[in-house]
There are 2 protein chains.
Amino acid sequence: MPKARLTPASVTEAAAALVDEVGFDNLSMGLLAERLGVKTPSLYKHVTSQAELAHRIAVLAMTEAGDTIRDAIQGRSGSDALAVGAQAMRTYVREHPGRYAAANATRPTGPDDPFIPASERVLASWAAMLSGYGLDPGQEIHAMRTLRSVLHGFATLEVAGGFQIDASVDESFTWLINFIDQGLRAGTASGGDAAR
Amino acid sequence: MPKARLTPASVTEAAAALVDEVGFDNLSMGLLAERLGVKTPSLYKHVTSQAELAHRIAVLAMTEAGDTIRDAIQGRSGSDALAVGAQAMRTYVREHPGRYAAANATRPTGPDDPFIPASERVLASWAAMLSGYGLDPGQEIHAMRTLRSVLHGFATLEVAGGFQIDASVDESFTWLINFIDQGLRAGTASGGDAAR
DNA sequence: AGCTAAAGGCTAACCGCATTAGCCACAGAG
DNA sequence: CTCTGTGGCTAATGCGGTTAGCCTTTAGCT
């Protein structure tokens, strides 16, 4: 057999790098093939379809994001964990907008889709971080969803160029994190007042 | 000339209805033509390209969303305005996921793009609502961005099926609104404490 | 009422891109 | 040294957006 220049993993990695440059919906088999110094149909020896390729990018992105967030939170707790975790996620999205878009475009294909555990690991990191606030158990799910909403919303709007005014976006993000932190701590203190 | 069965406006409206059903990235000229009882090339008598069609859907969506939010906030202020405004936006996105996706996929094409005033009207509604909290002027931009992030993030995650657990999503949303309201009011009271 | 012109629909054709079919060459196992 | 299967290639298919060019209908004018 000829030397395996390409592998499913290397193709996926190259595709991920590509979408970060050209945008997720500008991904094309021709462009990727060119990057890899190969003709388009050859890619199908390593990937069954463009849809599957996109899905692999999504799994890769979720896994990477999960690792990044976990590492950032590592050894920290409370406000500190929130701050670095949120910054880690925002940074990941800014550096890998195409991968993040791929992850958002993906739906699990079945019960054994590796995308599921990958995204659960992200959620687990957030849950661990939130547990440091000692929230009322019934409120944790709502706090989790609120946290995911802000972070996802902010990152999405930012990479889409949604923040036009020339006020510092960095500053807005730290303000946002602080806002969330204050709210979570207030909720803790008052034993659930913020949930009414 | 034959009777004008189709107009640019009616085609746009039909396309908007279509994307709400089949999803924004499943929009196709063939599908739309079929809906309108016409052959695909005939659409080009009313629309110059699929990209322009998508852009028109985006403008329509922004305009509709702006009207809905403005009407909801009308005559209310503070916590009340926040609650109904946020609910209005969430409802709009749930009822028109395709249009909302179109709006998010769109970038202004130029300085006289009608998309710009349409989105500014949405922002103006949020600004009017926020003004009721009497925030420090320097913080308004951050509060605005935070608000946009949560609402956009929540709505996006919800329509994407991102909230899996069977805890009530409605309940989470009212929790979220209350969380934001508390934070804004705290920021008001302490004269900017939440912004540190 | 009849003529004219252009709007608006249709068929045929083009093009780019994902995907498939089938061929060929090289490298590792025996 | 041969055999085999992997991994690349060229050629061809099909779908979807788009363009070209034709043809009918009808509003508006005489």
Side-chain angles (χ1 to χ4, degrees), chain A residues 1-60 98-99 101-107 109, chain B residues 1-60 98-99 101-107 109:
Chain A
M1 60 216 78
K3 53 187 168 216
R5 305 179 54 258
L6 270 39
T7 66
S10 72
V11 171
T12 304
E13 186 57 52
L18 180 60
V19 294
D20 283 338
E21 288 177 43
V22 304
F24 177 62
D25 21 51
N26 289 333
L27 172 61
S28 81
M29 299 301 272
L31 206 48
L32 177 58
E34 191 180 13
R35 284 297 185 90
L36 292 168
V38 122
K39 300 294 179 180
T40 307
S42 303
L43 294 177
Y44 289 83
K45 287 288 159 75
H46 307 282
V47 162
T48 70
S49 70
Q50 182 169 342
E52 191 227 23
L53 179 61
H55 190 263
R56 285 203 201 167
I57 298 172
V59 174
L60 175 66
R99 298 174 207 226
N104 288 325
T106 286
R107 286 306 97 202
T109 59
Chain B
M1 60 215 78
K3 54 186 170 219
R5 306 180 50 259
L6 270 40
T7 66
S10 72
V11 170
T12 304
E13 185 57 52
L18 181 59
V19 294
D20 284 338
E21 288 177 44
V22 304
F24 177 62
D25 22 50
N26 290 334
L27 172 62
S28 82
M29 299 302 271
L31 205 49
L32 178 57
E34 192 180 14
R35 282 298 183 89
L36 292 168
V38 122
K39 300 293 180 179
T40 306
S42 303
L43 294 177
Y44 289 82
K45 288 289 159 78
H46 308 282
V47 162
T48 71
S49 70
Q50 183 170 346
E52 191 227 24
L53 179 61
H55 191 263
R56 285 203 201 167
I57 298 174
V59 174
L60 175 66
R99 298 175 206 226
N104 289 325
T106 286
R107 285 308 96 203
T109 59

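Everything numeric in this text was worked out from a predicted model, so none of it was measured. Order of the sequence lines fixes the chain letters, A, B, ..., with proteins taken first and strands second; residue numbering starts at 1 for each chain.
Between B/H46 and C/dA7 there is no side-chain polar atom (N or O) within less than 4.0 angstrom of OP1 or OP2.
Evaluation of the side-chain contact (heavy atoms from CB on, under 4.5 Å) rule for B/A16 yields B/I57, B/L60, B/R99 as partners, not counting sequence neighbours. Evaluation of the salt bridge (Lys or Arg N to Asp or Glu O under 4.0 Å) rule for B/R35 yields B/E21 as partners, not counting sequence neighbours. Under the side-chain hydrogen bond (donor to acceptor under 3.5 Å, both in side chains) criterion, A/T109 pairs with A/D113, not counting sequence neighbours.
Residue whose closest nucleotide on DNA chain C sits further toward the 5' end, between B/L43 and A/S49: B/L43.
Across the protein-nucleic acid pair, B/Y44 atom OH and D/dG21 atom C1' stand 17 Å apart, rounded to whole Å. B/Q50 places its CD atom 12 Å from the P atom of D/dT19, with the value rounded to the nearest Å.
Closest approach of B/A103 to B/A58, counting heavy atoms only: CA-CB, 3.7 Å. Scanning both residues, B/F24 and B/A105, for their nearest heavy atoms gives CE2-CB, 3.7 Å.
Shown for residues 12-36 of chain B: residues whose heavy atoms fall under 4.0 angstrom of DNA chain D, namely B/L27, B/S28, B/M29, B/G30.
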- Task: Using the side-chain contact (heavy atoms from CB on, under 4.5 Å) rule, take B/L53 and B/L32 through it: C-alpha gap first, then chi angles, then the decisive distance, then the call.
- Result: CA-CA 11 Å; B/L53 179 61; B/L32 178 57; 3.5 Å; yes
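The distance from the CG atom of A/L31 to the CG atom of A/N26 is 8.5 Å, given to the nearest 0.5 Å.
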Extract from the structure each pairing of a protein N or O with an N or O of nucleotides 10-14 of chain C at less than 3.5 Å, listing the distance.
{"residue": "C/dC10", "atom": "OP2", "partner": "B/K39", "partner atom": "N", "Å": "2.9"}
{"residue": "C/dC10", "atom": "OP2", "partner": "B/S42", "partner atom": "OG", "Å": "2.5"}

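Among pairs with a residue in residues 43-52 of chain A, those fulfilling side chain to side chain donor-acceptor pair (under 3.5 Å) read A/E52-A/R56, at least two apart in sequence or across chains.
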